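Order of listing sets the numbers, starting from 1, for every ligand and every atom in it. Residues take their numbers from the sequence shown, with the count starting at 1. Just so we're clear, the structure is a prediction, and the values are computed from it rather than from any experiment.
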Amino acid sequence: MLIEETYRHRGMRHAMVKEIRSQGIKDTSVLKAMGDVPRHHFFDSAFLEHAYQNKAFGIGEGQTISQPYTVAYQTQLLRMTPNARVLEIGTGSGYQAAILAAMGGLVYSIEYNKILHKRAKQSLAGLPLANIHLYCGDGSEGLPRFAPYDRIIVTAGAPQVPEKLISQLQDGGTLVIPVGDADTQCMLRITKVNKEKIIEESFDMFRFVPLLGKSGWQNLG
Ligand code: SAH
């Protein structure tokens, strides 16, 4: 379904980007992508009024589209470069995948919930963005079929850093993942210099929905 874009949407999006910038996001390529991608396109038409508020929002199936600030924060940490091969774990609405593609990424995104996967496919099909490949399944141990990746972003809270994600990173690659308990998670950035040298940095605390699956909080069976 194609949701129209009006001057009002553009105005609200501009205000959203301004707020994110005032919260400390400086990467101009992140701010540009968030100014370009119509976030309201990922909302049910009944909830369009919420699309440009700086907050997380329910997308059904007990899941949420991350707060715009959180999307910007994770994407900035990821240090995206055009043409980077990037894996996202937790497609959800598809919005984060769209941001990565708008920044020139070759995006692979995996979502275990079939209904959300299907819906994200429909939302993304209505946007003029190439290079997004969506998969349905447990992504807690990555998507080895298309590895190695230059960047991996996990958009659900993990109990620990899954080893298999690090092994699917290219040398010089970056993994951004929130790790903690069910209530709060610390944003980690893992840089794989090479197999022997892995650098881990910790950033702010966030609250994500849980990463399920084999290397997540519970086995999906
Ligand atoms: N990035 C999304 C927000 C994700 S919310 C967006 O831009 O809208 C987290 C998502 O992770 C949820 O949709 C949830 O279903 C999914 N998820 C949780 N565990 C998963 C797993 N093991 N593999 C794939 N997806 C998972």
What atoms of ligand 1 come closer than 4.0 angstrom to any heavy atom of Thr64?
3 (C), 4 (C), 5 (S)
Ile110, portion touching ligand 1 at heavy-atom distance under 4.0 Å
backbone
Electrostatic pair Glu111:Lys118 at N-O distance under 4.0 angstrom:
no
Short list, please: which atoms of ligand 1 are under 4.0 Å from a heavy atom of Ser140?
22 (N)
What do we get for Glu61 next to ligand 1 when only non-hydrogen atoms under 4.0 Å count, side chain, backbone, both or neither?
neither
Those atoms of ligand 1 less than 4.0 Å from some heavy atom in Gln96
1 (N), 7 (O)
Taking all atoms of both residues into account, what is the closest heavy-atom pair of Met80 and Leu100, and its distance?
CE-O, 3.7 Å
Look only at the side chain of Gln185 and the backbone of Phe208, and say whether a donor-acceptor pair between them is shorter than 3.5 Å.
yes
Is the closest heavy-atom distance from Thr91 to ligand 1 below 4.0 Å?
yes
Proximal atoms of ligand 1 relative to Leu211 (non-hydrogen, under 4.0 Å):
19 (N), 20 (C), 21 (C), 22 (N)
Tell me, please, which residues at least two apart from Met12 pass side chain to side chain contact (heavy atoms under 4.5 Å, CB included).
Arg8, His9, Tyr52
At less than 4.0 angstrom from any non-hydrogen atom of Val209, what atoms of ligand 1 do you find?
5 (S), 9 (C)
For ligand 1, which atoms, with element, lie under 4.0 Å from some heavy atom of Ile65?
8 (O)
Taking atom NZ of Lys18 as the centre, report whether more than 12 heavy atoms of other residues, nucleotides or ligands fall under 6.0 Å from it.
no
May I ask you to check if ligand 1 and Ser66 share an N or O to N or O distance below 3.5 Å?
no
Atoms of ligand 1, numbered as shown, that sit under 4.0 Å from any heavy atom of Gly137:
23 (N), 24 (C)
Options Pro210, Gly139, Gly90, ranked by nearest heavy atom to atom 11 (O) of ligand 1, top entry
Gly90
Is it true that, when you exclude His133 itself, more than 12 heavy atoms of the residues, nucleotides or ligands shown sit nearer than 6.0 Å to its NE2?
yes
Member of Val154, Asp150, Ile152 meeting the side chain to side chain contact (heavy atoms under 4.5 Å, CB included) criterion with Leu87
Ile152
Sequence-distant partners of Arg189, salt bridge (charged side-chain N to carboxylate O under 4.0 Å, His left out), two or more places apart:
Glu201
Sub-4.0 Å heavy-atom approach of Ser109 to ligand 1
no
Heavy-atom closest pair, residues Ile132 and Leu134
CG2-CD2, 3.8 Å
Identify, by atom number and element, the atoms of ligand 1 in contact range of Asp138, meaning under 4.0 Å from any of its heavy atoms.
21 (C), 22 (N), 23 (N)
